[in-house]
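Chain letters run A, B, ... following the sequence lines, proteins first and then strands; every chain starts at 1.
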Amino acid sequence: MSELSKLTIAEARDRLRNGDVTAVDLTEACLSEIDGAGALNAFVHKTPEIALERARTADDRIAAGDAPAMCGIPVGIKDLFCTEGVASQAASHILNGFRPEYESTVTRQLAGAGAVMLGKLNMDEFAMGSSNETSTYGDVVNPWKVDGRNLTPGGSSGGSASAVAADLCLAATGTDTGGSIRQPAAFVGITGLKPTYGRCSRWGIIAFASSLDQAGPMTKSVRDAAIMLQAMAGHDPKDSTSADLPVPDFEAMLTGDIRGKTIGIPREYRMDGMPDEIEVLWAKGADMLRDAGAKVVDISLPHTKYALPAYYVIAPAEASSNLARYDGVRYGHRAKLSQGDGVTEMYEKTRAEGFGAEVKRRIMVGTYVLSAGFYDAYYNRARKVRALIKRDFDAAFDQGVDAILTPATPSAAFGLGEMAEADPVEMYLNDVFTVTVNLAGLPGIAVPAGMDRQGLPLGLQLIGRPWEEGDLLNTALALETAAGFVAKPDKWW
Amino acid sequence: MSIDIETARRVAKLARIRVEEDDLPALAGEFNTILGFIEQLNEVDVEGVEPMTSVTPMRLKRREDVVTDGNMQDRILSNAPDAREGFFAVPKVVE
């Protein structure tokens, strides 16, 4: 049975349609894997009843010949997505007990396409973190190990990454504000796609930084990313920033033929102190794309080094505003009050108890940069730098570049607890290659491309033109095919 | 720009997050680390640059200014830590 949870979406779809497995078989296989994987701490709210009910409905649809590609596919949902009647708390203590009365647009669309929700996945609190160590549910463990050490699956979509890599589900949803889909995907050896900002509705996804947040698929293959994105994407009147553009058939665009395409290699991504293994992998990736018939050119994205500092103004500023709603009045945790406490004490105590250290830090940094006298110096300046970062990409694309190849992360997965003594900025450096893409609103995908000396997966990132996820996925397919990454973690959990 | 303990206290107050007096020095230190990192932005010439507003030129959607939803008091209140008689309940605000 456990072999079934190892299938890709494309394989499962074909077998469901052939009738040699049922959605109930697939779902039961995944539920049993989830029950045996407590040590990974990936699934934090299991929904077996919902899963089996949806699986039975999916089997009926498949039998009736009404089966979209995601029909009957068991998936995990990041805890950031509001799911009706099912705990949705962004891995925060402040949302303890919160059961939304509504369903996020992305999960509603997935359910409408017949996908089977297995449960909710662990993550960094409010998606703020790069190691999944800020969750109220505790750390997520990477299924890959070295020398018996527990490693981080990355963050913030660490539960999604760990669950897909360990074959607890066929795929999972993630969200990406500064790299939260791509960095964990790279740390566990799976594919993670952040679509163009506005491709997927943000409605019902607990907000972190609204101008940067974007949902996307985390899958076992590039083809699966295309299939799952198809079901997640589309215009939604409930999200005014969602794009009213047609959603093409992404899977149909996967030819693997990239002859005549131009791939840019940005010189500013060659960082001081970057491990030589990352540099070697990057050069190999460029060779693979060249061998597949693409033209590889050097490009310059001169404002790259300012992306992280701009991000750490804009994201906390938006977070301080978005997280103001957690006041102990409408939902979630409220602190026990002392005699004589008024509303201000209620707010202050509730928020002090409810938020973890990293979330508090970012709310307060955001509050500071937005406060009177500093708004122009920090916030408006960062927004202008953001425009310059986007202009760098526009210039590269105007020169005929179709996609940009970079490393996905500056290292392989590190040990849980290893960064405990580091200052916050050191942790932020994990997102150095991914954060530019969020600032510019572009689509980006992490594809597993090799292993480091310790035997841990490493990923490469491809960045595409706005709204051209189809072309980006096709280039990613060529890279995936050439890299031939098939390694899986040895099961220890 | 250096953040002192007094500024850290003021920011915590503005953010409505209680921070114990003993924790303020460490908090100020963390702010300084992060703001020191952000200071790099001052190296960039942003003269005449307009802040980015969208990925590709796009006009925000508009719709008629009419009520499209509502009449779900029970569902709105269902997650409240304290709801009474159809309202959210909070400590006394006015003496």
Side-chain angles (χ1 to χ4, degrees), chain A residues 97-99 101 196-198 237 240 243-244 303 305-306 308-310 312-313 320 327-334 337 341-349 351-352 355 360-361 363-365 367-369 371 378 380-388 390 423-425 428 440-442 466-467, chain B residues 1 3 7-8 10-20 23 27 29-31 33-56 58 60-63 68-69 72 74-83 88-95:
Chain A
F98 177 56
R99 285 173 195 274
E101 292 280 341
T196 312
Y197 179 81
S240 62
D244 195 0
H303 294 90
K305 73 175 276 208
Y306 301 109
L308 266 179
Y312 278 97
V313 174
S320 75
D327 54 9
V329 175
R330 287 156 295 171
Y331 28 65
H333 176 73
R334 179 187 290 187
L337 302 181
D341 279 352
V343 272
T344 303
E345 286 78 16
M346 179 188 72
Y347 297 149
E348 291 179 347
K349 288 183 176 179
R351 290 162 66 79
F355 293 133
K360 286 184 206 173
R361 184 152 51 227
I363 290 173
M364 288 191 274
V365 167
T367 303
Y368 180 76
V369 298
S371 62
Y378 288 114
N380 270 341
R381 173 167 283 268
R383 291 170 69 222
K384 290 174 182 173
V385 172
R386 180 178 186 179
L388 293 172
K390 174 163 164 45
D423 73 54
V425 172
Y428 299 168
L442 301 171
W467 315 114
Chain B
M1 183 62 59
I3 300 237
T7 309
R10 189 172 58 85
V11 170
K13 184 78 192 169
L14 281 172
R16 297 290 182 270
I17 295 174
R18 169 169 296 215
V19 176
E20 300 304 328
D23 297 331
L27 185 66
E30 284 171 357
F31 284 169
T33 305
I34 295 167
L35 292 173
F37 180 61
I38 292 169
E39 291 294 320
Q40 295 176 63
L41 294 177
N42 291 329
E43 299 165 15
V44 187
D45 179 6
V46 294
E47 192 61 36
V49 177
E50 284 297 313
M52 176 183 156
T53 49
S54 66
V55 182
T56 47
M58 202 174 286
L60 266 188
K61 286 267 179 189
R62 283 158 168 74
R63 65 167 177 85
T68 58
D69 217 342
M72 51 179 88
D74 292 351
R75 293 172 68 198
I76 300 282
L77 294 173
S78 69
N79 278 292
D82 189 2
F88 293 109
V90 296
K92 194 155 76 170
V93 179
V94 185
E95 287 302 324

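For the pair A:T344/B:K13, a side-chain contact is recorded, criterion being any heavy-atom separation below 4.5 Å from C-beta on. Using a 4.5 Å heavy-atom cutoff, the side chains of A:P237 and B:R63 are not in contact. Taking 4.5 Å as the limit, some side-chain heavy atom of A:M364 sits within range of a side-chain heavy atom of B:V19. Counting heavy atoms from C-beta outward, B:V90 and A:R334 have side chains that approach closer than 4.5 Å.
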Please report the C-alpha distance between B:E43 and A:K305 in whole Å, then the side-chain angles of each, then the deciding distance to 0.1 Å, and finally whether the salt bridge (charged side-chain N to carboxylate O under 4.0 Å, His left out) criterion is met.
-> CA-CA 11 Å; B:E43 299 165 15; A:K305 73 175 276 208; 3.5 Å; yes
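Between the side chain of B:N79 and the main chain of A:R330, no donor-acceptor pair closer than 3.5 Å is present. Formation of a donor-acceptor pair under 3.5 Å by the B:R16 side chain with backbone atoms of A:D327 is not found in this model. A donor-acceptor contact shorter than 3.5 Å links the side chain of A:R351 to the backbone of B:A15. Of the possible polar contacts, none joining the A:K349 side chain to the B:R18 backbone as a donor-acceptor pair under 3.5 Å is found.
The NZ atom of A:K390 lies 9.5 Å from the OG1 atom of B:T53; values are rounded to the nearest 0.5 Å. With values rounded to the nearest 0.5 angstrom, A:E101 atom CD is found 10.0 Å from B:L77 atom CG.
Interface residue B:T7: only side-chain heavy atoms are found under 4.5 Å from chain A. When heavy atoms are compared at a cutoff of 4.5 Å, B:N42 approaches chain A by way of both its backbone and its side chain. Looking at B:L27, only its side chain comes within 4.5 Å of chain A, counting heavy atoms on both sides. Looking at B:F37, both its backbone and its side chain come within 4.5 Å of chain A, counting heavy atoms on both sides. At a 4.5 Å heavy-atom cutoff, the contact between B:A89 and chain A is made by backbone atoms alone. Only the backbone of B:E50 comes within contact range of chain A, with heavy atoms under 4.5 Å apart.
In this structure, A:P466 and B:V55 approach most closely via the heavy-atom pair CB-CG1, 3.7 Å.
Per-residue counts of heavy-atom pairs under 4.5 Å with chain A were compared for B:L14, B:I34, B:I76; the largest is that of B:I34. Contact count against chain B (heavy-atom pairs under 4.5 Å) is highest for A:Y306 among A:Y312, A:Y347, A:F98, A:Y306.
When B:V46, B:V49, B:D45 are each tested for a side-chain contact (heavy atoms from CB on, under 4.5 Å) with A:V385, only one passes: B:V46.
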